[in-house]
Amino acid sequence: MTGKYWLAYTGRVAADVYKALADATRRAILDELQDRDGQSLFELCTRLTMRHGLGSTRQAVSQHLEVLEEAGLVTVRREGRYKFHHLDTGPLRQIATRWPVPDEGESP
């Protein structure tokens with residue numbers, strides 16, 4: 001990708017990532033996938049209730065997962081009738097590459 005197309009594409013991707021990260025429940029889902037990758041919807045709902053006190057319905061968690069998937073932060077693997085969700089930190093790396101954080105002691 002080059003030129004304006006690249007800027008438009010990365011801008012859209014970054015916007016999707018920021019939108020996905022703006023919600024506390026979605027951040028909790030990402031935390032759970034960081035802790036234990038490859039969870040089913042049922043497992044995620046259980047962990048969100050037990051560890052975060054979130055009483056979200058399966059449908060609500062499923063909708064949050066869709067937003068995370070659209071942003072590229074979650075990938076899905078199917079096994080039979082089950083879906084397993086995996087964390088993908090690639091979009092976060094793209095943002096960090098676009099705006100690198102200077103090392104301590106370096107001036108911006």
Side-chain angles (χ1 to χ4, degrees):
M1 284 184 265
T2 60
K4 292 180 183 177
Y5 178 77
W6 184 84
L7 288 172
Y9 177 76
T10 56
R12 186 191 65 76
V13 170
D16 291 346
V17 172
Y18 289 127
K19 175 186 171 193
L21 295 174
D23 185 85
T25 300
R26 290 193 283 268
R27 291 192 305 270
I29 291 170
L30 294 175
D31 289 341
E32 288 305 318
L33 291 174
Q34 172 68 33
D35 188 51
R36 185 169 168 273
D37 205 23
Q39 295 184 58
S40 68
L41 177 60
F42 176 77
E43 291 171 307
L44 279 168
C45 289
T46 302
R47 290 173 68 101
L48 289 171
T49 300
M50 300 301 286
R51 297 180 79 195
H52 300 274
L54 298 173
S56 299
T57 65
R58 287 172 51 112
Q59 182 178 1
V61 173
S62 180
Q63 290 173 344
H64 284 301
L65 285 165
E66 285 179 23
V67 172
L68 292 167
E69 191 176 351
E70 287 173 8
L73 293 167
V74 169
T75 59
V76 176
R77 174 179 50 89
R78 288 188 176 273
E79 276 186 31
R81 57 183 232 174
Y82 296 99
K83 288 171 61 174
F84 296 93
H85 302 87
H86 298 272
L87 177 63
D88 183 352
T89 57
L92 297 174
R93 274 187 250 116
Q94 288 177 349
I95 290 171
T97 303
R98 185 173 178 182
W99 297 294
V101 178
D103 292 332
E104 278 188 43
E106 283 185 30
S107 60

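- Taken to the nearest 0.5 Å, the CZ atom of R26 stands 10.0 Å off from the CD atom of Q63.
- A donor-acceptor pair is defined here as one N or O able to donate and one able to accept, closer than 3.5 Å; no such pair exists between the side chain of R51 and the backbone of A28.
- Using a cutoff of 4.0 Å between basic side-chain nitrogens and carboxylate oxygens, R36 and E43 are scored as salt-bridged.
- For the residue pair D23 and H64, the shortest heavy atom distance occurs at OD2-CE1, 3.3 Å.
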Query - Full working for side-chain contact (heavy atoms from CB on, under 4.5 Å) between L73 and L21 - result: CA-CA 9 Å; L73 293 167; L21 295 174; 4.1 Å; yes
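- In this structure, the separation between CD1 on I95 and OG1 on T89 is 11.5 Å, given to the nearest 0.5 Å.
- There is no path of hydrophobic side-chain contacts, each under 4.5 Å, that joins L41 to F84.
- A 6.0 Å sphere centred on CZ of R77 holds more than 12 heavy atoms belonging to other residues, nucleotides or ligands.
- When all heavy atoms are compared, the tightest approach of A71 to P91 is O-CG, 3.6 Å.
- Taking every heavy atom of both residues into account, V76 and H85 meet most closely at CG2-CD2, 3.8 Å.
- Remark: the backbone N or O of R58 is not paired with any side-chain donor or acceptor of S62 at under 3.5 angstrom.
- Looking only at side-chain heavy atoms (C-beta outward), D35 and D31 stay at 4.5 Å or farther from each other.
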Report task. List the steps, then state whether side-chain contact (heavy atoms from CB on, under 4.5 Å) holds for D16 with E70. Result -> CA-CA 7 Å; D16 291 346; E70 287 173 8; 5.6 Å; no
Report task. Would you please test L33 and L68 for side-chain contact (heavy atoms from CB on, under 4.5 Å) and show each step? Result -> CA-CA 12 Å; L33 291 174; L68 292 167; 5.8 Å; no
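- Exactly one residue among D37, L48, L87, T46 makes a side chain to side chain contact (heavy atoms under 4.5 Å, CB included) with E32. That residue is L48.
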